[in-house]
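Data block below; observations after.
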Amino acid sequence: YGWGSITVNGKHQNFKGMNDIYTDVLMWSKHLGTVEEGRPRGLSMKLGYSMVLPTGKYDAKALYTTGRNTLYYIPNGAFTYLTGPNFLGDGTEFSVSYFLDIARKNSATGYQNGMVVDVDMAISEVIGRWQLGVAGYYARQIADDRLNGQRVSGNRFASAAVGPVIAYNIPD
């Protein structure tokens, strides 16, 4: 659920409503390493297929709307490698996930977003039940948008962020 306000070129709008649903439709994973003291060590991998379903509130005339009125197909994969104990703690974890966002056309506007590649990364140290590190992502649009089938050039999305990771594994 989302709510807030937005101002663009002097026009102001409050908004609230359900967001679109992101769902993992299919997922397959395999651990290729060992298990030592209850912890998986070595490489784990995952292949998946996800979707964004256009279930959120949508208004084509609004400045901002919590739904997109667009179905997204998202093939994805992930790799995680956990080392053994080291001088910092119980092991260092390296993770990377890849997503390819493929949008259908918005039936209300005729607009179709171009494909976006998203890479999520994290490096962290496991210390007992704690995990400390840094995580980030980089996303970039690799194809032009389309409006009623015609290419819309110069309108490509790109975004990146990085920040801290602090997690605690709650005992059973």
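Atoms considered below: every heavy atom in the structure, side chains included; atoms not considered: hydrogens, waters and symmetry mates. Note that the structure is predicted; figures quoted are calculated from it, not measured.
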*asked:* Once you measure the plane-to-plane angle for Y73 and Y49, does it fall in the parallel (<30°), tilted (30-60°) or perpendicular (>60°) bin?
replied: parallel

*asked:* Donor-acceptor check, side chain of S29 to backbone of M45, threshold 3.5 angstrom: yes or no?
replied: no

_P40 to H31 - nearest heavy-atom pair and separation_ = CB-CE1, 3.5 Å

*asked:* Donor-acceptor check, side chain of D90 to backbone of G128, threshold 3.5 angstrom: yes or no?
replied: yes

*asked:* Applying a strict under-4.5 Å side-chain criterion to I, L, V, M, F, W and Y, I'd like to know whether L43 and V119 cluster together.
replied: yes

*Compute whether any side-chain donor of one residue and acceptor of the other, for D24 and S50, lie under 3.5 angstrom apart.*
yes

*Do you know the tightest heavy-atom contact between L71 and P54?*
CD1-CD, 3.9 Å

*asked:* Are M51 and Y72 connected into the same hydrophobic cluster when the rule is that any two of I, L, V, M, F, W, Y join if their side-chain heavy atoms are below 4.5 Å apart?
replied: no

*Contact summary for L82 and G91, nearest pair of heavy atoms*: CD1-C, 3.9 Å

*How about R39 and V126: do any of their side-chain heavy atoms sit closer than 4.5 Å?*
yes

_Polar side-chain atom of D20 near backbone of R68 as donor-acceptor pair, under 3.5 Å_ = yes

*So, do K11 and L63 sit near enough that their side-chain heavy atoms are less than 4.5 Å apart?*
yes

*Flag the pair E93 / T80 as yes when at least one side-chain heavy-atom distance between them is below 4.5 Å, and no otherwise.*
yes

_Do R140 and V117 make a side-chain contact, defined as non-hydrogen atoms from C-beta onward lying under 4.5 Å apart?_
no

_Donor + acceptor pair across side chains of N76, K46 (<3.5 Å)_ = yes

*Determine whether more than 12 heavy atoms belonging to other residues, nucleotides or ligands lie under 6.0 Å from atom CH2 of W28.*
yes

*With side chain to side chain contact (heavy atoms under 4.5 Å, CB included) as the test, would you mind laying out the steps for T92 and I123 before giving the verdict?*
CA-CA 7 Å; T92 304; I123 299 172; 4.2 Å; yes

*asked:* I need the minimum non-hydrogen distance between L147 and T109, along with the two atoms involved.
replied: CD1-O, 3.5 Å

*Check for a donor-acceptor pair, side chain of T65 on one end and backbone N or O of D59 on the other, with a separation under 3.5 Å.*
yes

*Please confirm whether the backbone N or O of V116 pairs with a side-chain atom of Q141, one donor and one acceptor, at under 3.5 Å?*
no

*asked:* Determine whether a donor-acceptor pair (N or O, by modelled atom type, separation under 3.5 Å) exists between the side chain of Q112 and the backbone of A103.
replied: yes

*Could you pull out the closest heavy-atom pair between G114 and D145, with the gap in Å?*
N-OD1, 2.8 Å

*asked:* We want to know whether Y138 and D120 form a side-chain donor-acceptor pair, criterion being a heavy-atom distance below 3.5 angstrom.
replied: no

*Please lay out, stage by stage, how D144 and R156 fare under the test side chain to side chain contact (heavy atoms under 4.5 Å, CB included).*
CA-CA 7 Å; D144 287 330; R156 290 198 179 189; 2.9 Å; yes

*Approximate separation, where rounding is to 0.5 Å, of T70 OG1 and N113 CG*: 6.0 Å

*Give a yes or no answer on whether the side chain of Q13 reaches the backbone of S5 with a donor-acceptor pair at less than 3.5 Å.*
no

*Residues S159 and Y137: side-chain donor-acceptor under 3.5 angstrom*: yes

*Decide side chain to side chain contact (heavy atoms under 4.5 Å, CB included) for I102 and I74; before the verdict, give the C-alpha distance in whole Å, the side-chain angles of both, and the deciding distance to 0.1 Å.*
CA-CA 6 Å; I102 304 165; I74 309 170; over 6 Å; no

*Could you check if a side-chain atom of R129 sits within less than 4.5 angstrom of a side-chain atom of P171, using non-hydrogen atoms only?*
yes

*asked:* Could you walk me through whether V152 and R146 satisfy the side chain to side chain contact (heavy atoms under 4.5 Å, CB included) test, starting with their C-alpha distance in whole Å, then the side-chain angles of each, then the deciding distance to 0.1 Å, before giving a yes or no?
replied: CA-CA 5 Å; V152 178; R146 296 197 170 271; 5.6 Å; no

*Would F94 and Y81 count as a close aromatic pair, with their ring centres under 6.0 Å?*
no

*Indicate yes or no for a side-chain donor-acceptor contact from T23 to the backbone of V52 under 3.5 Å, with no hydrogens or angles considered.*
no

*Under 4.5 Å between side-chain heavy atoms, hopping through other hydrophobics if needed: is there a path connecting I142 to F157?*
no

_Set out, in order, the CA-CA distance, both residues' side-chain angles and the distance that settles side chain to side chain donor-acceptor pair (under 3.5 Å) for N106 and Y58, then state yes or no._
CA-CA 11 Å; N106 181 324; Y58 180 75; 2.9 Å; yes

*asked:* Between T66 (side chain only) and M18 (backbone N and O only), is there a donor and an acceptor less than 3.5 Å apart?
replied: yes

*What distance do I6 atom CD1 and H12 atom NE2 have between them, rounded to the nearest 0.5 Å?*
9.5 Å

*For the residue pair E125 and G89, what are the closest heavy atoms and their distance?*
OE2-N, 3.2 Å

*Report yes or no: do V96 and L32 belong to one cluster of Ile/Leu/Val/Met/Phe/Trp/Tyr joined by side chain heavy-atom distances under 4.5 Å?*
yes

*For the hydrophobic clusters of this structure (ILVMFWY residues joined by side-chain heavy atoms under 4.5 Å, transitively), does one cluster hold both L132 and I170?*
yes

*Using modelled atom types only, decide if a donor and an acceptor are shared between the side chain of S95 and the backbone of A122 within a distance under 3.5 Å.*
no

